[in-house]
Amino acid sequence: QVQLVESGGGLVQAGGSLRLSCAASGRTFSSVAMGWFRQAPGAERDFVAAIIGSGSSTVYAASVKGRFTISRDKAKSTVYLQMNSLQADDTATYYCAATSSWGGTATRAFGSWGRGTQVTVSS
């Protein structure tokens, strides 16, 4: 199992930026794929972005492509989500997730989850 702790959420105006961090511990960090998901009140948890293996491969949801960037720092066992041009629709709790092997972007493909960090975008 991987233990994950998110940070960096907050309140930002539309058009602004935030960077989320996810600190991982508990197993060989470089052997997992890491992802970000988000969940708005009353909605399902949706895939946002993922980074696979050493970081050479990334996947994004269509709604964030071109605005969000996922990256990882293996030395710090941390994954980041840089979010630019934020919109009101980006308001949600953001969750970090990890998997020992890449199986796609469904929530069921990820076995370890953080507790989430709130992002609120005011319009």
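Residue numbers count from 1 along this sequence.
- Taking S112 as the reference, Q1 meet the side-chain hydrogen bond (donor to acceptor under 3.5 Å, both in side chains) condition, with sequence neighbours excluded.
- Judged as a ring pair (Phe, Tyr, Trp, His ring centres under 6.0 Å), not a single pair has a partner in residues 52-80 (not counting sequence neighbours).
- Legend: disulfide (SG to SG under 2.5 Å) pairs involving residues 34-90, not counting sequence neighbours: none detected.
- L11 belongs to no multi-residue hydrophobic cluster, having no ILVMFWY side-chain contact under 4.5 Å with any other such residue.
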Donor-acceptor contacts, no H, no angles, side chain residues 13-23, under 3.5 Å, sequence neighbours left out:
from	atom 1	to	atom 2	distance (Å)
S17	OG	N84	OD1	2.9

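- Sequence neighbours left out, not one pair with a member in residues 96-123 passes salt bridge (charged side-chain N to carboxylate O under 4.0 Å, His left out).
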Can you give the donor-acceptor pairs under 3.5 Å from side chains of residues 116-123 to other protein atoms, not counting sequence neighbours?
from	atom 1	to	atom 2	distance (Å)
T117	OG1	G9	N	3.1
Q118	OE1	T93	OG1	2.8
Q118	NE2	A92	O	3.4
Q118	NE2	T120	OG1	3.4

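- The heavy-atom pair separating V59 from W102 by the smallest distance is CG2-CZ2, 4.1 Å.
- Closest non-hydrogen pair, V64 versus V48, comes out as CG2-O, 3.5 Å.
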*Apply the test side chain to side chain contact (heavy atoms under 4.5 Å, CB included) to residues M83 and L81: give CA-CA distance (whole Å), side-chain angles for both, the deciding distance (0.1 Å), then the verdict.*
CA-CA 6 Å; M83 305 186 296; L81 186 68; 3.9 Å; yes
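- The heavy-atom pair separating V12 from L86 by the smallest distance is CG1-CD1, 3.6 Å.
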Side-chain donor-acceptor pairs of residues 35-47 under 3.5 Å, sequence neighbours excluded:
from	atom 1	to	atom 2	distance (Å)
R38	NH1	D90	OD1	2.8
R38	NH1	Y94	OH	2.9
Q39	OE1	R45	NE	3.2
Q39	OE1	R45	NH2	3.3
Q39	NE2	A43	O	3.0

